[in-house]
Amino acid sequence: MFYGMLVPALSAIFIIIVGNKLLAGQVDRGSMAYLLTAPVRRLTVTLTQTLYFIGALVVTFGSMMVTSLLVNHYAEAGFAKKILVELNFGALAIAFAFAGIMFLASGVFNLSKLSLGTGGGLILAFILLAVIASFVNYGVSGLDDV
């Protein structure tokens, strides 16, 4: 349950807040115009923001993986280490997908509210659809043979 719903939901909150502040938030505050008055290319600013976003996610999920492996070892929980590592890499892949959506929205829209509404709305819609899909009963009981 932790890796199924809680990790994507908690990481989505972080991704929506940070992803909105990376490009669109700086345009709103005017700090992007200040950055671009210096002899720095837009590509350099964007790549720096991208590397920060990727690094923050890798450090977050790396520490979560190390912590889960240590707790599994010392608490003698009995989970397979390979399964824990695969679950953490899967959660990181979902976080990268969410971060890509939010970074794209932050780069496309000039206003922070449009970036937040588009990127954050898509991410929350995907999480909501995953929650709804977890309650689906794939069989229709009324059509069973009697």
Side-chain angles (χ1 to χ4, degrees), residues 1-75 77-141:
M1 182 66 182
F2 178 70
Y3 287 99
M5 288 294 146
L6 195 58
V7 171
L10 290 176
S11 64
I13 293 170
F14 171 75
I15 289 167
I16 289 171
I17 291 170
V18 171
N20 188 41
K21 291 183 184 283
L22 284 178
L23 295 176
Q26 288 187 357
V27 171
D28 276 351
R29 286 191 315 262
S31 59
M32 183 64 79
Y34 177 72
L35 271 174
L36 293 176
T37 57
V40 179
R41 294 180 18 203
R42 291 177 188 214
L43 181 65
T44 305
V45 173
T46 306
L47 285 178
T48 304
Q49 301 288 359
T50 306
L51 288 176
Y52 167 76
F53 208 12
I54 291 171
L57 289 174
V58 167
V59 167
T60 300
F61 282 93
S63 64
M64 189 170 71
M65 180 170 47
V66 169
T67 303
S68 65
L69 288 172
L70 287 174
V71 167
N72 183 44
H73 177 72
Y74 287 116
F79 294 112
K81 292 177 186 175
K82 181 182 177 199
I83 299 295
L84 285 174
V85 170
E86 288 174 355
L87 282 172
N88 281 301
F89 276 122
L92 179 63
I94 291 171
F96 277 156
F98 287 165
I101 292 169
M102 196 63 211
F103 196 78
L104 176 70
S106 183
V108 168
F109 297 106
N110 286 339
L111 297 175
S112 182
K113 63 181 178 180
L114 295 175
S115 167
L116 191 62
T118 304
L122 277 172
I123 291 171
L124 291 178
F126 289 144
I127 290 175
L128 186 64
L129 288 173
V131 169
I132 292 170
S134 69
F135 293 113
V136 169
N137 183 8
Y138 292 105
V140 180
S141 60

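Using a 4.5 Å cut-off on side-chain heavy atoms (C-beta onward), Y52 and L22 make contact. Side-chain contact check for L128 versus L124: every heavy-atom pair is 4.5 Å or farther apart. In this structure the side chain of M64 never reaches within 4.5 angstrom of the side chain of L92, judged on heavy atoms. Using a 4.5 Å cut-off on side-chain heavy atoms (C-beta onward), P8 and F126 make no contact.
The CD1 atom of I94 sits 12.0 Å away from the CD1 atom of I123 when rounded to the nearest 0.5 Å. One finds the CG atom of L122 at 11.5 Å from the CD1 atom of I127 (value rounded to the nearest 0.5 Å). Between N72 atom CG and T67 atom OG1 the span is 12.0 Å, to the nearest 0.5 Å. A distance of 4.5 Å separates OG in S68 from CG in N88, rounded to the nearest 0.5 Å. Rounding to the nearest 0.5 Å gives a distance of 12.0 Å between CG of L10 and CZ of F14.
The side chain to side chain contact (heavy atoms under 4.5 Å, CB included) test with F79 singles out one residue from L84, V71, L87, and that residue is L84.
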Expected list for residues 95-106: side-chain donor-acceptor pairs under 3.5 angstrom, two or more places apart:
{"residue": "S106", "atom": "OG", "partner": "G19", "partner atom": "O", "Å": "3.1"}
{"residue": "S106", "atom": "OG", "partner": "L23", "partner atom": "N", "Å": "3.3"}
{"residue": "S106", "atom": "OG", "partner": "A24", "partner atom": "N", "Å": "2.9"}

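Here the shortest heavy-atom pairing between F61 and A91 reads CE2-CB, 3.6 Å.
Side chain of T46 to main chain of R42: a donor-acceptor pair is present (N/O by atom type, distance under 3.5 Å, no hydrogens or angles).
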Worked check of side-chain contact (heavy atoms from CB on, under 4.5 Å) between R41 and T44: CA-CA 5 Å; R41 294 180 18 203; T44 305; 3.9 Å; yes
